[in-house]
Amino acid sequence: MGDHPLPDVLTTVFQAIWLMAPAYVANMGAVVVGGGAPIDGGRRWRDGRDILGPGKTWRGLLLAPLLACLVAALGWWADPRTAWAVIVPFGPWPEALAYAYAMGFGALVGDSAKSFFKRRRGVARGEMWLGPDQLDFVFGGLLFAWLAGWALYGPAWFPDTYTLPILLVVVVLTPGLHLAVNVIGYKLKLKKVPY
Ligand code: CTP
Ligand code: MG
């Protein structure tokens, strides 16, 4: 493959998407399984605005990461000898399930942290805050993935798996992927806004 840079780049791109899939799926899943009681209980911050807002719910925070566990299960089902070799397990059973839940949960913690600062800046719930809205779940997911990977597999596992090229691809690619998925969610009437 060394003589052909394109396939190598594509491999890195697909690998990056797969390695972020627990965070992506949890973040998308919150739109579907979320709703109900808000995390902030409807309380206001001292600036008089919502602490997080009604878009951040307990169901989204706690249930959506379960969908990330399905991603981990897919990792065992995939055959490593095929072209789908980028689909690798996130570690052995049942640790990979804990890993995927942690990464998905981290994605939504990042999303909630973003909403806290969004409200402080006076950006209304559902309005776009360009930049943080597209990357909050990436940084939250990666932070929790790093911690969970360390706890489950030791300190070397995360930096060996999420290499610098992978992380670069993730940061460059995710905002576009996020927008594309939201446009689809809007067309399917799952989302009120296409971003
Ligand atoms: N959602 C949820 N619980 C979460 C995160 C998301 O229930 N912890 C659901 C909500 O229905 C939310 C939708 O997913 O409206 C879209 O999520 P997001 O775009 O992150 O929230 P916004 O409504 O845009 O709110 P904010 O402005 O605070 O980002
Ligand atoms: Mg939004």
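For ligands, and for the atoms within them, numbers begin at 1 and follow the listed sequence.
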>> Treating R119 as the side-chain partner and I51 as the backbone partner, does any N or O pair qualify as donor plus acceptor under 3.5 Å?
In response: no
> Which pairs with one or both residues in residues 12-53 pass ring-ring contact (aromatic ring centres under 6.0 Å, His included), sequence neighbours excluded?
Replying inline: W18-F90, W45-F116
> Taking atom CH2 of W58 as the centre, does the number of heavy atoms from other residues, nucleotides or ligands within less than 6.0 Å exceed 12?
Replying inline: no
> Within a reach of under 6.0 Å around CH2 of W129, are more than 12 heavy atoms found that belong to other residues, nucleotides or ligands?
Replying inline: yes
> Under 30°, 30 to 60°, or over 60°: which ring-plane class applies to Y162 and F158, parallel, tilted or perpendicular?
Replying inline: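 Rings of Y162 and F158: parallel, as their planes differ by under 30°.
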>> Show me, by chain and number, every protein residue that has a heavy-atom distance under 4.0 Å to ligand 1.
In response: A30, V31, G34, G35, G55, K56, T57, G60, L61, D111, K114, S115, K118, R119, A124, R125, G126, K191
> Which of these passes side chain to side chain donor-acceptor pair (under 3.5 Å) with K56: D40, D111, D50?
Replying inline: D111
